[in-house]
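Right, one structure below, let's go through it.
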Amino acid sequence: MKKENLRPIFWERENLRLLDQRQIPGKKEWFVAKNAEDAIFAIREMVVRGAPAIAITGLFGAVLELRKFSSKPSYSELQNVFSKIIESRPTAVNLRRAFDELAQRIPEKKYESISWETFKEESESFAISVYEEDLRNNLQLGKNGVSLFPSSPSKLKIITHCNTGALATAGHGTALGVIRSLKEAGHDLTVYADETRPYLQGARLTAWELMEEEIPSFLITDSMAGWVMASEKIDAVIVGVDRVAANGDSANKIGTYPLAVLAKYHGVPFYIAATEKSFDFRIPSGSHIPIEMRTQDEVTRLNFLKKENGQPILEEGVIAPKGVKALNPSFDVTPASLITAFITEKGIVKPEDISKVFG
Ligand code: MRU
């Protein structure tokens, strides 16, 4: 990552400073979380988003909340604090896994035997280690992704969806991390970034990251991906993921599934870049993955229709008739059969092999 500018999460011990991603690309403002409630707000309202970044924020939010207890709470009180954080966004498994791993490190028996100070210190060092591990794994999966492409510098055209970059992780990114690594390896890249309706993570965040990194790119609407695949030789579609079920079915940002169908039709390899933390072997298939439904406003409002005098034509960017019912599932599931391979920190893994590598 070239620019410190892109780092979204700063642990400052007294609080957690988050780059407010609701304001990008307009403004660079910081949101300061001082307790679990602030962290939950930040996750739910998308101040911070992206599966790995959500998990890191949740853990640090818990660390801040623990400081409010003057004496050691019971194990079940502690679990209540954690559960509220885990429930803040349902689809990405990283958040739940982070707390499961903390519980494995310090199970109830150990919790009863250690001091409150020790528990707080261990929780903080665990949160820091999850942050550092995410960065390390992203850098490694980026390198592994490079191995899928020619070893000599080549012209490569890649489509990506949503935002999976430094902003969505501890740094570097997953799918966008592979793209960064390809640039570092000397390839001549053209990236097509889907705008990612309705929340526009592609337009607001990925386009911004690509420009900050000086990676040549075009912003396209999601509906243009078919045209791009039909008229250009696309080398790969690379996306991130929020949860991979045991059979390889993968939930990611809404619009990923149609992109995978298009890729199959056009014979374009479809890769999912992910760390081990995205795999959920407790869930047999994609139909068991909880899909977050978000507010209708995200679909019915957009802010670009203006009169000549610059005034909005429709009330505050409304683009649909008042009272229309809109559907807003935030994620869809891509069947394993449409996924060429997972690009992970442990190598390139075919969907049928994930349990051998991560199970
Ligand atoms: O709703 P978001 O912006 O949190 O969705 C993000 C995605 O779908 C990403 O592809 C996924 O979390 C992987 S980020 C490395």
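Order of appearance sets the numbers: ligands from 1, and atoms from 1 within every ligand.
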Thinking salt bridges, do Arg294 and Glu292 make one under a 4.0 Å N-O criterion?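 A salt bridge links Arg294 with Glu292.
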Is Asp222 paired with Arg197 through a side-chain N to carboxylate O contact shorter than 4.0 Å?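 Judged by the 4.0 Å cut-off on N to carboxylate O distance, Arg197 and Asp222 do not form a salt bridge.
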Could you work out, for atom 14 (S) of ligand 1, the closest of Ala168, Gly177, Ala273 by heavy-atom distance?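 Looking at heavy atoms only, Ala168 sits closest to atom 14 (S) of ligand 1.
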Output the list of atoms in ligand 1 that are nearer than 4.0 Å to some heavy atom of [X], sorted by atom number.
X      : answer
Gln201 : 1 (O), 2 (P), 3 (O)
Thr174 : 15 (C)
Arg89  : 1 (O), 2 (P), 4 (O)
Ala51  : 12 (O), 14 (S)
Thr169 : 15 (C)
Met46  : 1 (O)

Would one find an N or O of [X], backbone or side chain, under 3.5 Å from an N or O of ligand 1?
X      : answer
Lys253 : yes
Gly50  : yes
Asp242 : yes
Arg49  : yes

What residue and heavy atom of the protein are closest to atom 9 (C) of ligand 1, and at what distance?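 Its nearest protein heavy-atom neighbour is Asn252 OD1, 3.4 Å.
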Protein heavy-atom partner closest to atom 13 (C) of ligand 1 - residue, atom, separation in Å: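 Sorting protein heavy atoms by distance from atom 13 (C) of ligand 1 puts Val241 O, 3.4 Å first.
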Asn163 side chain to Glu209 side chain, donor-acceptor N/O pair below 3.5 angstrom: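 A donor-acceptor contact under 3.5 Å links the two side chains.
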Salt bridge (Lys or Arg N to Asp or Glu O under 4.0 Å) between Glu214 and Lys183: does it pass, once the steps are laid out? CA-CA 10 Å; Glu214 293 163 17; Lys183 168 149 195 249; 5.3 Å; no
May I ask whether [X] has any heavy atom positioned less than 4.0 angstrom from an atom of ligand 1?
X      : answer
His161 : no
Pro52  : yes
Glu292 : no
Phe331 : yes

Answer yes or no for Lys72 and Tyr111: cation-pi contact, defined as NZ/CZ to six-membered ring centre under 6.0 Å and angle to ring axis within 45°.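 Ring-cation test returns yes.
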Grouping I, L, V, M, F, W and Y whenever their side-chain heavy atoms are under 4.5 Å apart, do Phe270 and Met229 come out in a common cluster?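 Same cluster: Phe270 reaches Met229 through Ile, Leu, Val, Met, Phe, Trp or Tyr contacts under 4.5 Å.
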Establish whether Leu205 and Val239 are linked, either directly or via other cluster members, by ILVMFWY side-chain heavy-atom contacts under 4.5 Å.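 No.
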For Phe69 and Trp116, take the angle between the two ring planes, folded into 0 to 90°, and tell me which bin it lands in: parallel under 30, tilted 30 to 60, perpendicular over 60.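 Phe69 and Trp116: perpendicular rings.
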Once you measure the plane-to-plane angle for Phe342 and Phe279, does it fall in the parallel (<30°), tilted (30-60°) or perpendicular (>60°) bin?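 Ring orientation, 0 to 90° scale: perpendicular.
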List the steps, then state whether salt bridge (Lys or Arg N to Asp or Glu O under 4.0 Å) holds for Glu122 with Arg105. CA-CA 9 Å; Glu122 287 214 13; Arg105 255 190 180 208; 5.1 Å; no
For atom OH of Tyr257, decide whether the heavy atoms of other residues, nucleotides or ligands shown that lie under 6.0 angstrom number more than 12.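 At most 12 heavy atoms, drawn from other residues, nucleotides or ligands, come within 6.0 Å of this atom.
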